[in-house]
Amino acid sequence: MERAVVDHTRGARGQGAAAQNPLTVMTEPCDGQVGTLLPETGNQVEPLVGPGVEIDEYGVDVGHGVADHQRARPSDTPHGDLQLAGEHEVVAHQGHRTWLWHELIIGVREGARSRQTALRDKPAAGDPVMQINTVGIVGAGLMGSGIAEICARQGLRTLVAEADEEQLAAGRRRVAASLHRARERGKLSEEEVDQILHDLRFTIDLDEFAECDICIEAIVEHLPAKTELFARLDRIAPRHAILATNTSSLPIIEIARVTSRPERVIGTHFFNPAPVMKLLEVVRSIATSDETLDETRRFGELLGKHIIIAQDRGGFIVNLLLIPFLTHAVRLYESGFATREDIDEGMRLGCGHPMGPLELLDYIGLDTALFVCDSLYEEYANADYAPPPLLRRMVAAGYLGRKSGRGFYEYESSPAD
Ligand code: NAD
């Protein structure tokens with residue numbers, strides 16, 4: 001292990017007095033990196049003061065401002081080096097100063113690569129892992145109803161909360177319809193469907209989540225709505241409970257910071273339809289603990305999902321790649337370049353996609369897609385993520401896709417029926 005001794009009485013540009021009150025900073029997780037930073041940057045400051053230290057001197061909030069400026073350049077990639085600065089500004093408010101600094105050193109030099117390595121670290125075999133018996137799902141729309149179904153199908157006690165009685169009834173109908181479809185396909189027996197419906201508990205009283213081991217939020221993709229909910233869940237759920245969000249694009253750390261347990265907050269990004277799609281993208285913020293990551297991974301595996309681990313960057317892995325594809329398809333259609341059918345058939349028959357991009361947008365829900373575009377554009381300031389004007393107009397018109405009966409195509413019934 002290596003220690004870097006840094007004189008904080010000096011400015012990062014070496015104008016201060018000699019070291020009299022040196023601050024010792026542990027650099028164990030990035031052994032040797034502080035020293036090796038200097039030759040690469042050509043920085044003329046004294047030894048052991050690399051760019052991470054410099055940002056720390058300026059203040060992480062200033063570093064974030066620089067990152068904001070930098071990322072606006074078209075050549076910047078969403079996973080570029082300076083992205084970490086934004087994340088650390090958030091954590092700085094919580095006072096993890098030494099850790100914060102270490103991460104910045106890694107972040108500026110190595111960017112996403114170092115973080116990936118950290119994400120793969122697992123607790124040692126034999127570490128105690130929390131038993132998950134009761135799951136609470138908030139929101140019983142397209143995603144929440146599907147997540148509730150897969151939890152209940154695994155025999156977990158599953159509570160489902162909605163905003164009001166009307167939405168709750170729609171959520172219950174969605175789950176029942178999906179279970180009956182599974183029965184028709186021979187995946188479930190009549191008795192199993194009855195048992196699962198019996199085991200699911202629907203409520204509009206969030207206080208019932210006081211007995212949950214994990215809460216999974218699947219409400220509207222809107223940060224203020226999610227942070228308000230997480231502040232409530234934090235007060236209600238037991239101290240040991242994991243608080244998970246199904247967000248498609250919002251920063252997990254922004255959600256975690258409103259709770260008193262940021263280390264227990266994590267992203268669990270299921271795919272639509274949740275009972276069918278194999279993937280679960282688990283998203284770890286810089287505050288998420290190894291235990292939380294490991295327990296969430298095991299929970300996902302228990303649900304029969306294949307787990308991939310993503311960083312807390314807008315869009316994670318899948319939507320970072322998918323959203324530009326979808327928005328380009330809308331722009332093709334909007335410009336009159338091709339018909340909706342030809343665009344969709346092109347990708348289905350030419351590329352083997354199960355659905356064309358416009359069909360997929362209808363399936364996802366145009367309102368949700370618009371929220372995701374907005375938040376990715378906010379994160380990266382990159383035109384690939386900007387919502388096409390047609391998408392915004394369709395949402396304003398109430399053309400939300402399958403769930404409203406009309407999107408790029410027309411539908412006779414919504415999935416809730
Ligand atoms: P949806 O509009 O179908 O459902 C959202 C539900 O949340 C609604 O039923 C609404 O009544 C309920 N709700 C809103 N505020 C609530 C509150 N405070 N308390 C309880 N219930 C509340 O949306 P969706 O498509 O299910 O998306 C939900 C989340 O999952 C979003 O974050 C979205 O980005 C994400 N997601 C969506 C998809 C997709 O394909 N639609 C895929 C992966 C992730």
Side-chain angles (χ1 to χ4, degrees), residues 136-150 159-175 177-178 202-209 215-233 236 243-252 254-255 258 267-283 305 308 310 314-320 322-323 326 354-355 357 359-376 387 395 398 400-405 407 414-417:
I137 317 286
V138 193
L142 287 180
M143 295 307 297
S145 59
I147 299 166
E149 177 186 332
I150 49 177
L159 310 178
V160 186
E162 254 293 349
D164 57 44
E165 290 289 357
E166 194 183 329
Q167 295 295 338
L168 195 67
R172 198 196 305 263
R173 284 201 303 277
R174 250 180 228 113
V175 178
S178 174
F202 290 83
T203 179
I204 55 165
D205 181 7
L206 212 54
D207 286 342
E208 293 191 29
F209 280 40
C215 303
I216 305 175
E217 165 276 313
I219 69 167
V220 60
E221 184 77 348
H222 185 48
L223 188 58
K226 291 196 193 281
T227 51
E228 189 190 331
L229 176 64
F230 271 73
R232 280 187 72 198
L233 284 174
I236 294 168
L243 304 182
T245 171
N246 192 51
T247 180
S248 307
S249 59
L250 296 169
I252 309 297
E254 294 282 1
I255 296 170
V258 304
T268 47
H269 186 215
F270 289 84
F271 289 80
N272 185 20
V276 176
M277 300 299 276
K278 277 271 163 235
L279 189 67
L280 174 60
E281 202 173 19
V282 172
V283 188
K305 298 302 179 195
I308 59 173
F316 317 130
I317 296 171
V318 175
N319 280 335
L320 198 59
L322 179 65
I323 290 294
L326 299 180
M355 276 185 202
E359 292 170 301
L360 181 56
L361 277 164
D362 276 359
Y363 198 73
I364 290 169
L366 302 194
D367 51 344
T368 300
L370 178 61
F371 275 129
V372 175
C373 287
D374 276 336
S375 82
L376 293 186
V395 171
L400 307 183
R402 278 177 178 270
K403 64 180 161 188
S404 71
S414 76
D417 297 328

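These values consider heavy atoms only, across backbone and side chains, with no hydrogens, waters or symmetry-generated copies. Read the numbers this way: they start at 1 and go in the same order the structure lists the ligands and their atoms.
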**Student:** Under 3.5 Å, side chain of Ser249 to main-chain N/O of Leu376, donor-acceptor pair present?
**Tutor:**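 Looks like no, no N/O pair under 3.5 Å.
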
**Student:** What are the two closest non-hydrogen atoms of Val220 and Ala225, and how far apart are they?
**Tutor:**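 Answer, listing the atom of Val220 first, then Ala225: CG1-CB, 3.9 Å.
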
**Student:** Below a 4.0 angstrom heavy-atom separation, can you tell me which part of Ile364, side chain or backbone, both or neither, approaches ligand 1?
**Tutor:**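 Ile364 to ligand 1: contacts from backbone and side chain alike.
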
**Student:** Any N/O of Tyr363 closer than 3.5 Å to an N/O of ligand 1?
**Tutor:**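 No, since none of the N or O atoms of Tyr363 sits under 3.5 Å from an N or O of ligand 1.
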
**Student:** Starting from atom 31 (C) of ligand 1, which protein heavy atom do you reach first, and at what distance in Å?
**Tutor:**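 Heavy-atom neighbour on the protein nearest atom 31 (C) of ligand 1: Ile219 O, 3.2 Å.
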
**Student:** Restricting to non-hydrogen atoms, name the atom on Ser145 and the atom on Arg174 that form the minimum distance, rounded to 0.1 Å.
**Tutor:**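 Scanning both residues, the minimum pair turns out to be OG-CD, 3.5 Å.
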
**Student:** Give me the residue, atom name and distance of the protein heavy atom closest to atom 4 (O) of ligand 1.
**Tutor:**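 For atom 4 (O) of ligand 1, the nearest protein heavy atom comes out as Gly141 CA, 3.3 Å.
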
**Student:** Please check this pair: side chain of Thr227 against backbone of Pro224, looking for a donor-acceptor N/O pair closer than 3.5 Å.
**Tutor:**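 Such a contact is found between Thr227 side chain and Pro224 backbone.
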
**Student:** Asp367 versus ligand 1: do any nitrogen or oxygen atoms come within less than 3.5 Å of each other?
**Tutor:**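 No.
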
**Student:** As an exercise, identify every atom of ligand 1 less than 4.0 angstrom from a heavy atom of Lys226.
**Tutor:**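 The atoms of ligand 1 under 4.0 Å from a heavy atom of Lys226 are 31 (C), 32 (O).
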
**Student:** Any idea which heavy atoms bring Leu206 and Val138 closest together, and the distance?
**Tutor:**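 The answer is CD1-CG2, 4.1 Å.
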
**Student:** Report the nearest protein non-hydrogen atom to atom 1 (P) of ligand 1: residue, atom name, distance rounded to 0.1 Å.
**Tutor:**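 Result: Lys403 NZ, 3.8 Å.
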
**Student:** Between Glu228 and ligand 1, which part of the residue brings a heavy atom under 4.0 Å of the ligand: side chain, backbone, both or neither?
**Tutor:**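 Neither part.
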
**Student:** Does Met143 approach ligand 1 within less than 4.0 angstrom via side chain, backbone, both or neither, non-hydrogen atoms only?
**Tutor:**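 Both parts.
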
**Student:** Please answer whether the main-chain N or O of Tyr363 pairs with a side-chain N or O of Asn272 as donor and acceptor at a distance below 3.5 Å.
**Tutor:**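 Here the side-chain-to-backbone pair exists.
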
**Student:** Considering all heavy atoms of both residues, which atom of Gly315 and which atom of Glu281 are nearest to each other, and what is their separation?
**Tutor:**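 Shortest heavy-atom contact: O-OE2, 4.5 Å.
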
**Student:** List ligand 1 atoms under 4.0 Å from His269, heavy atoms only on the residue side.
**Tutor:**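 Reading through ligand 1 atom by atom, the close ones are 43 (C), 44 (C).
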
**Student:** Looking only at heavy atoms, what is the nearest atom pair of Gly171 and Phe202, with distance?
**Tutor:**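 Shortest heavy-atom contact: C-CE2, 4.1 Å.
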
**Student:** So which protein heavy atom does atom 40 (O) of ligand 1 come closest to, and at what separation?
**Tutor:**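 Here the nearest protein heavy atom works out to Asn272 CB, 3.3 Å.
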
**Student:** Check contact between Leu229 and ligand 1, using heavy atoms of the residue and a distance below 4.0 angstrom.
**Tutor:**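 The answer is no: ligand 1 sits nowhere under 4.0 Å from a heavy atom of Leu229.
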
**Student:** In terms of atom number and element, which parts of ligand 1 are under 4.0 angstrom from non-hydrogen atoms of Gln167?
**Tutor:**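 Heavy-atom distances to Gln167 below 4.0 Å select 9 (O), 11 (O).
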
**Student:** To check your reading of the model: name the closest protein heavy atom to atom 11 (O) of ligand 1, its residue, and the distance in Å.
**Tutor:**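 Here the nearest protein heavy atom works out to Glu162 OE1, 2.8 Å.
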
**Student:** Look at atom 33 (C) of ligand 1 and say which protein heavy atom is nearest, naming residue and atom and giving the distance to 0.1 Å.
**Tutor:**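 Looking at atom 33 (C) of ligand 1, the protein heavy atom closest to it is Ser248 OG, 3.5 Å.
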
**Student:** Run through Ile147, Leu243, Leu229 and flag the one making a side-chain contact (heavy atoms from CB on, under 4.5 Å) with Glu217.
**Tutor:**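 That would be Leu229; it is the only one of Ile147, Leu243, Leu229 passing the side-chain contact (heavy atoms from CB on, under 4.5 Å) with Glu217.
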
**Student:** Should Ala218 be listed as contacting ligand 1, given a heavy-atom distance under 4.0 Å as the test?
**Tutor:**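 So Ala218 counts as touching ligand 1.
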
**Student:** What is the closest protein heavy atom to atom 3 (O) of ligand 1, and at what distance does it sit?
**Tutor:**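 Looking at atom 3 (O) of ligand 1, the protein heavy atom closest to it is Leu142 N, 3.0 Å.
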
**Student:** For residues Leu168 and Thr203, report the shortest heavy-atom separation together with the two atoms involved.
**Tutor:**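 Scanning both residues completely, I find the closest heavy atoms to be CD1-O, 3.4 Å.
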
**Student:** Considering non-hydrogen atoms of the protein only, which is the closest contact for atom 30 (O) of ligand 1, and what is the distance?
**Tutor:**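 Result: Asn246 ND2, 2.9 Å.
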
**Student:** Considering both backbone and side-chain atoms of Thr247, is one of its nitrogen or oxygen atoms within less than 3.5 Å of a nitrogen or oxygen in ligand 1?
**Tutor:**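 Between Thr247 and ligand 1, no N or O pair is found under 3.5 Å apart.
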
**Student:** Is a donor on one side and an acceptor on the other found under 3.5 Å between the side chain of Asn319 and the backbone of Val372?
**Tutor:**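 No: the side chain of Asn319 does not pair with the backbone of Val372.
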
**Student:** Identify, by atom number and element, the atoms of ligand 1 in contact range of Gly139, meaning under 4.0 Å from any of its heavy atoms.
**Tutor:**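 Atoms satisfying the 4.0 Å criterion: 7 (O), 21 (N).
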
**Student:** Determine, for Glu162 against Arg172, whether the closest basic-nitrogen to carboxylate-oxygen distance falls under 4.0 angstrom.
**Tutor:**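 No, no charged N to carboxylate O under 4.0 Å.
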
**Student:** Would you kindly specify which portion of Thr368 sits under 4.0 Å from ligand 1, judged on non-hydrogen atoms: side chain, backbone, both or neither?
**Tutor:**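 The part of Thr368 near ligand 1 is the side chain, not the backbone.
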
**Student:** Does a donor on one side chain sit under 3.5 Å from an acceptor on the other, for Glu221 and Ser375?
**Tutor:**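 Not at all, the side chains of Glu221 and Ser375 share no donor-acceptor pair under 3.5 Å.
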
**Student:** Tell me the contacting part of Phe270 for ligand 1: side chain, backbone, both, or neither, using a 4.0 Å heavy-atom threshold, strictly below.
**Tutor:**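 Just the backbone.
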
**Student:** Of Val318, Ile216, Val138, which has the heavy atom at the shortest distance from atom 19 (N) of ligand 1?
**Tutor:**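 Looking at heavy atoms only, the winner is Val138.
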
**Student:** Considering the options Leu370, Asp362, Ile364, which one meets the side-chain contact (heavy atoms from CB on, under 4.5 Å) requirement together with Leu366?
**Tutor:**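 Only one of Leu370, Asp362, Ile364 forms a side-chain contact (heavy atoms from CB on, under 4.5 Å) with Leu366, namely Asp362.
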
